[in-house]
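As structure tokens, the structure follows; a few thoughts come after it.
Proteins get letters first, then strands, A, B, ... in listed order; numbering begins at 1 in each.
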2 protein chains.
Amino acid sequence: MTKTFKISEAVVRRLPVYLQVLGDLHKRDIQTVSSQELGNKLDLNPAQIRKDLAYFGEFGRKGIGYDVSYLIEKIRQILKLDQPLSVGLVGAGNLGRALCNYNTYLKDNMKITAVFDAHAPIVGTKINSLTVLPMDSLIEKVKELNIRIGIITVPAFEAQNVADRFVAAGVEGILNFAPVILRVPEHVRIHYADFTRDLLSLAYYLEKEGETENEPVVD
Amino acid sequence: MTKTFKISEAVVRRLPVYLQVLGDLHKRDIQTVSSQELGNKLDLNPAQIRKDLAYFGEFGRKGIGYDVSYLIEKIRQILKLDQPLSVGLVGAGNLGRALCNYNTYLKDNMKITAVFDAHAPIVGTKINSLTVLPMDSLIEKVKELNIRIGIITVPAFEAQNVADRFVAAGVEGILNFAPVILRVPEHVRIHYADFTRDLLSLAYYLEKEGETENEPVVD
DNA sequence: TAGATTGTTAATCGATTAACAATC
DNA sequence: TAGATTGTTAATCGATTAACAATC
């Protein structure tokens with residue numbers, strides 16, 4: 001019954017960032033914040049922040065700003081973090097283990113509730129309170145725990161296979177850390193968390209060696 | 001002496017993706033590829049791919065397409081991966097260790113050459129062939145190894161401090177994995193590899209529980 | 001030559017920013 | 001009331017896509 005625009009992906013991807021800053025403010029017992037202040041902290045145009053939020057409702061008060069707690073609550077609702085959300089992870093290597101440690105951080109209602117791995121020696125080991133499960137229990141567990149998002153932290157050559165299994169099990173979204181493009185049906189959403197992209201593109205902006213005087217036009 | 005347009009960030013961030021797919025093609029001994037074929041693999045408009053590449057030069061042949069090896073070479077040059085590039089990492093936890101394991105993957109000329117950690121028990125331990133160094137050796141080592149990019153994989157509350165040290169040591173770019181916004185001087189470039197953003201925004205696209213019939217307009 | 005495909009210009013589309021009435 | 005700040009419309013800016021001459 002809410003508005004049925006299509007909200008652009010750029011907008012949605014800024015919401016978690018707002019949530020992050022608002023969380024900080026909340027921790028510091030700050031009650032109210034203006035789009036101006038948020039913009040300063042995030043290097044974002046205040047008008048953009050107001051517009052982003054206005055897609056979803058009227059959360060601010062004219063002349064006053066936004067109530068921090070209320071806005072946090074609202075953004076959580078928008079991101080559907082106001083209900084428990086169960087996440088599964090395949091690939092219990094260092095990266096997988098690292099992500100599981102964010103479980104405390106994710107808090108809210110999102111939680112990694114099952115970890116799988118294809119390699120026998122790893123199956124059965126513990127990551128915090130989770131026991132690593134074998135791949136052939138994936139479909140069953142995904143259903144049992146109502147897992148709706150899958151995280152892939154396996155090597156690139158195994159990633160498509162894992163994605164196929166997640167899709168077969170019925171997950172609605174996949175977060176892929178493997179540096180490879182995955183093919184999934186249209187109804188499954190994929191986000192790529194491939195840090196090699198961030199790292200390689202960072203190299204582009206380095207000063208060319210032995211060309212320190214002729215700075216590239218950046219603006 | 002090359003073109004001095006400002007190339008948009010969106011373009012630069014696609015280059016590593018092109019490199020990825022081209023690498024696959026090369027491994028499969030495919031010599032030539034058209035923008036059409038690349039577009040299919042990447043779900044990208046062929047015109048966009050041609051335009052992206054054309055910012056940097058004329059790399060294709062009309063009627064033929066792009067020579068895979070040649071294009072790989074050229075994109076590497078553009079990204080400045082045709083020269084050795086030394087990367088430092090702070091935070092030898094699971095995430096840091098995981099990234100170090102990508103060292104083989106990064107191959108090319110980019111390499112993590114030093115790992116630092118603030119916590120005494122971790123200092124001196126080994127990650128592959130690297131020994132974890134204490135934080136107070138950072139500035140010295142960055143200079144000695146000509147480290148130009150810093151990776152931050154410490155908890156959020158320590159990240160700004162680490163960034164400050166990297167900046168003091170003279171790095172030109174930072175890849176930050178901590179879920180926090182960092183303040184650095186303008187001449188230092190920051191890329192955020194904060195997967196919590198990807199994960200939380202993924203939740204937005206889930207079907208609202210108990211609302212399976214009224215699908216949101218997505219287009 | 002006919003077919004394919006680039007590089008590039010022009011057209012379209014979408015996202016960001018500015019401006020301002022409404023109002024706390 | 002005067003000052004601040006929202007929500008929203010209009011203006012601007014930039015990025016994507018279409019179209020096509022050049023040419024392999």
>> Let's test your reading of the pairing rules: Watson-Crick or G-U wobble, both distances under 3.5 Å, then write DNA chain C as a dot-bracket string with ( ), [ ], | and dots.
In response: ..||||||||||||||||||||||

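- Listed by residue number, there are no residues of residues 32-43 of chain B with a heavy-atom contact under 4.0 Å to DNA chain D.
- Side-chain contact between B:Ile112 and B:Ile127: absent, with no pair of heavy atoms (C-beta onward) separated by less than 4.5 Å.
- Here C:dT5 presents its C1' atom at 15 Å from CG of B:Asp67, a figure rounded to the nearest Å.
- Under 4.0 Å is where a charged nitrogen must lie from a carboxylate oxygen, and between B:Glu9 and B:Arg189 at least one such pair does.
- Between A:Gln83 and A:Asn109, the closest side-chain pair of non-hydrogen atoms is not below 4.5 Å.
- Salt-bridge check for B:Asp52 with B:Arg14: passed, with a basic side-chain N closer than 4.0 Å to an acidic carboxylate O.
- Side-chain contact of B:Asp24 with B:Gln20: a donor-acceptor pair under 3.5 Å is absent, judged by distance alone.
- Protein atom CZ of A:Phe56 is 13 Å distant from nucleotide atom P of D:dG7, rounded to whole Å.
- Qualifying side chain to side chain contact (heavy atoms under 4.5 Å, CB included) partners for B:Lys141, counting only residues two or more places apart in sequence or in other chains: B:Phe116, B:Leu133, B:Ser137, B:Glu144, B:Leu145.
- Remark: B:Val17 pairs with A:Ile181, A:Arg197, B:Leu42 by the side chain to side chain contact (heavy atoms under 4.5 Å, CB included) rule, at least two apart or across chains.
- Looking only at side-chain heavy atoms (C-beta outward), A:Phe177 and A:Val154 stay at 4.5 Å or farther from each other.
- Taking all atoms of both residues into account, the shortest heavy-atom contact from A:Ala156 to A:Pro179 is CB-CD, 4.1 Å.
- Residues satisfying the side chain to side chain contact (heavy atoms under 4.5 Å, CB included) test with B:Arg61, not counting sequence neighbours, are B:Ile64.
- The CZ-P distance, from B:Phe59 to C:dT6, rounds to 14 Å in whole Å.
- The OH atom of B:Tyr66 sits 17 Å away from the P atom of C:dA4 (whole-angstrom rounding).
- Between B:Lys74 atom NZ and C:dG7 atom C1' the separation is 16 Å, expressed in whole Å.
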>> Can you build the contact string for nucleotides 15-24 of chain C? Use B for base contact, S for sugar-phosphate-only contact, and - for no protein heavy atom under 4.0 Å.
In response: SBBBB--BBB

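- Atom CG of A:Leu71 and atom P of D:dT5 are 16 Å apart (whole Å).
- With salt bridges taken as basic N to acidic carboxylate O contacts below 4.0 Å, one links A:Arg183 and B:Asp43.
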